[in-house]
Every structure is written in structure tokens, then in C-alpha cells.
Amino acid sequence: MKLPKEFYTRPDVVEVSRDLLGKFLYSNIDGVLTGGMIVETEAYCGENDKACHAHLGRRTKRTEIMYQEGGVTYTYLIYGMYTLFNIITNVSGRADAVLVRAIEPTEGLKEMQLRRNLPKIQPNLTAGPGLLTQALGITTKHYGENLSGNLIWLEDQGIVIPETEILESPRVGIAYAEEHALLAWRFRVKENPWTSKAK
DNA sequence: ATAAAGATCATT
DNA sequence: ATGATCTTTATG
């Protein structure tokens, strides 16, 4: 079943980020159903987090959505070529978000392979934040999409990743965040081949 | 108006 | 290690 709004509006984005492992992310874009199980996430904690786009309460056209109540998408273009997909969490006024970094594909494999322009199903199909959006057909057009809708949504299918199977490590690509660069807010399913390669 | 940097990835 | 590629953001 779909995750209820209360899943997203919880106050601790780090906890939500951890809980998202084992949940299923689906998209039905251009009439194509694709999706998979989330195996890697990162938490971004609002104004007090130097790595967060809403650091120091920054409010711009891009970050505006982060201040909404949890349960909507935050997509944006990075390095001129990749769309990253985030889930907004916490109550209205708190700019917390979870970056989905990798999924284990389960639905619409063929279509995802086509979108990624790959010769066969291989580990880099959906292993990386810029790659899974390509596979799922998610672009910046899907900014602010409500996750209770039928375009992009998440489901709980009863899978629980035991705590001993969760790997916690520092986030990727945020060296500029100084002391916050060391926080272990990246969560991965241990030994899952569909997690991203980034250091 | 201009410039710099970026929550990445594939290639050398 | 480097290049691709372009939006967002800060600054003047």
C-alpha cells in the first residue's frame, strides 16, 4: 500500500531516510510503469545543515518547495545534465529532504533499460541518483509533485531491512559542507549490488 | 549583466 | 584526474 502522509511528516529526517530503505518507489510516466526497492538514501536537514540547499533558511524559486509539508517531490538539475530526486519531509516550514540515491529495479526493467540506453540489464541501470531518475523518467518537470498521486509514489510492501543490514556513512559530493560533511547520513543496504558506486 | 559552482557520471 | 553541460545563485 502507498505510504501515508504521516510517514513523511515525521520530524526526524534522518529516521525517515533510514526507514525509506526497503520501500518501493514507482513512477507511471508517459504511460509506463517503472519502479524498484529503495536501497540507498541521504538525509538533508534544513537550515542547520550546511550541505542542504535550504541552509540558513535560504528561500529561492528552487528551494521553495522544501518548506512545504512532507510528501512532495523536490527535483532539480545538477551539473547541467542530471536530475536528482528528493522527497520532502517534516511539517510545513521545515526544509528537510531525503535524496534517493539508488533503487533495486523490480518493475518495468525493459522500459528502464530503454530510457537509459543500455545494451542489457546491468548494475548501473538505477544505481546512482542521476541514473535512477533517467530510468524512471523523472525530470525537473516533476518538481513539487504530490506523492499521494498516481505519477510518482511510494509503497510499503512489508519488507523490513534489519538494522544490522544498514550501512551508515558520510554523504557524497558535499565536501564544501565542512563539519557537516562528516555526518553519517547516507544509508545503504549492505552488500546490495544495486547501490551506487560513489565513494 | 556576469560569473562561478554544483547532492554526477563516464571516460582516460 | 578530467570533461560534459547548463541551471541556479550570488554579486555588481
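As the structure is a prediction and not an experimental result, all values here were calculated from the model. Quick note on labels: first sequence line is chain A, next is B, and so on, each numbered from 1.
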Outermost DNA chain B nucleotides near chain A [under 4.0 Å, heavy atoms]: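 Range of nucleotides within reach of chain A: dG6(B) to dA10(B).
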
If you measure from the Lys or Arg side-chain nitrogens to the Asp or Glu carboxylate oxygens, is any gap between Arg186(A) and Glu168(A) under 4.0 Å?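 Judged by the 4.0 Å cut-off on N to carboxylate O distance, Arg186(A) and Glu168(A) do not form a salt bridge.
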
Any carboxylate oxygen within less than 4.0 angstrom of a Lys/Arg side-chain nitrogen, looking at Lys23(A) and Glu155(A)?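 Salt bridge between Lys23(A) and Glu155(A), a charged N being under 4.0 Å from a carboxylate O: no.
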
Can you list the residues that meet the side-chain contact (heavy atoms from CB on, under 4.5 Å) rule with [X], with sequence neighbours excluded?
X: Glu15(A); answer: Arg10(A), Asp12(A), Asp19(A)
X: Pro4(A); answer: Glu6(A), Phe7(A)
X: Ala43(A); answer: Val13(A), Val14(A), Ser17(A), Trp185(A)

Reckon Leu99(A) touches a base, only the sugar-phosphate, or nothing at all at heavy-atom distances under 4.0 Å?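 Answer is base: heavy atoms of Leu99(A) come under 4.0 Å of a base.
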
Regarding Gly80(A), tell me which of base, sugar-phosphate or nothing describes its non-hydrogen contacts under 4.0 Å with the strands shown.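 Here Gly80(A) touches the bases of the nucleic acid.
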
Decide salt bridge (charged side-chain N to carboxylate O under 4.0 Å, His left out) for Arg101(A) and Glu42(A); before the verdict, give the C-alpha distance in whole Å, the side-chain angles of both, and the deciding distance to 0.1 Å. CA-CA 7 Å; Arg101(A) 296 189 51 89; Glu42(A) 277 180 8; 3.5 Å; yes

With a 3.5 Å cut-off and no angle check, do the side chains of Lys5(A) and Asn146(A) form a donor-acceptor pair?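 No, Asn146(A) and Lys5(A) have no side-chain donor paired with an acceptor closer than 3.5 Å.
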
Quick one about Ser169(A) and Arg188(A) (side-chain donor to acceptor, distance below 3.5 Å, no hydrogens or angles considered), yes or no?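 Yes, a side-chain donor-acceptor pair sits under 3.5 Å.
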
Option among His180(A), Glu179(A), His55(A) that satisfies the side-chain hydrogen bond (donor to acceptor under 3.5 Å, both in side chains) test with Lys50(A):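 In the set His180(A), Glu179(A), His55(A), the residue that makes a side-chain hydrogen bond (donor to acceptor under 3.5 Å, both in side chains) with Lys50(A) is Glu179(A).
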
Between which nucleotides of DNA chain C, read 5' to 3', does contact with chain A run, using atoms under 4.0 Å from its heavy atoms?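 The protein-touched segment is dA4(C) to dA10(C).
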
Consecutive Watson-Crick or G-U pairs in runs of at least 3, all under 3.5 Å, in which DNA chain C is involved: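 Stems for DNA chain C, defined as runs of 3 or more consecutive pairs: B:1-6 with C:6-11, B:8-11 with C:1-4.
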
Should Ile88(A) and Tyr8(A) be counted in the same cluster of Ile, Leu, Val, Met, Phe, Trp and Tyr side chains packed under 4.5 Å apart?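 They do not share one cluster, since no chain of ILVMFWY contacts under 4.5 Å joins Ile88(A) to Tyr8(A).
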
DNA chain B: 5'-proximal contact among Ile78(A) and Leu132(A) (nearest heavy atom):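 Whichever sits nearer the 5' end wins; that is Ile78(A).
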
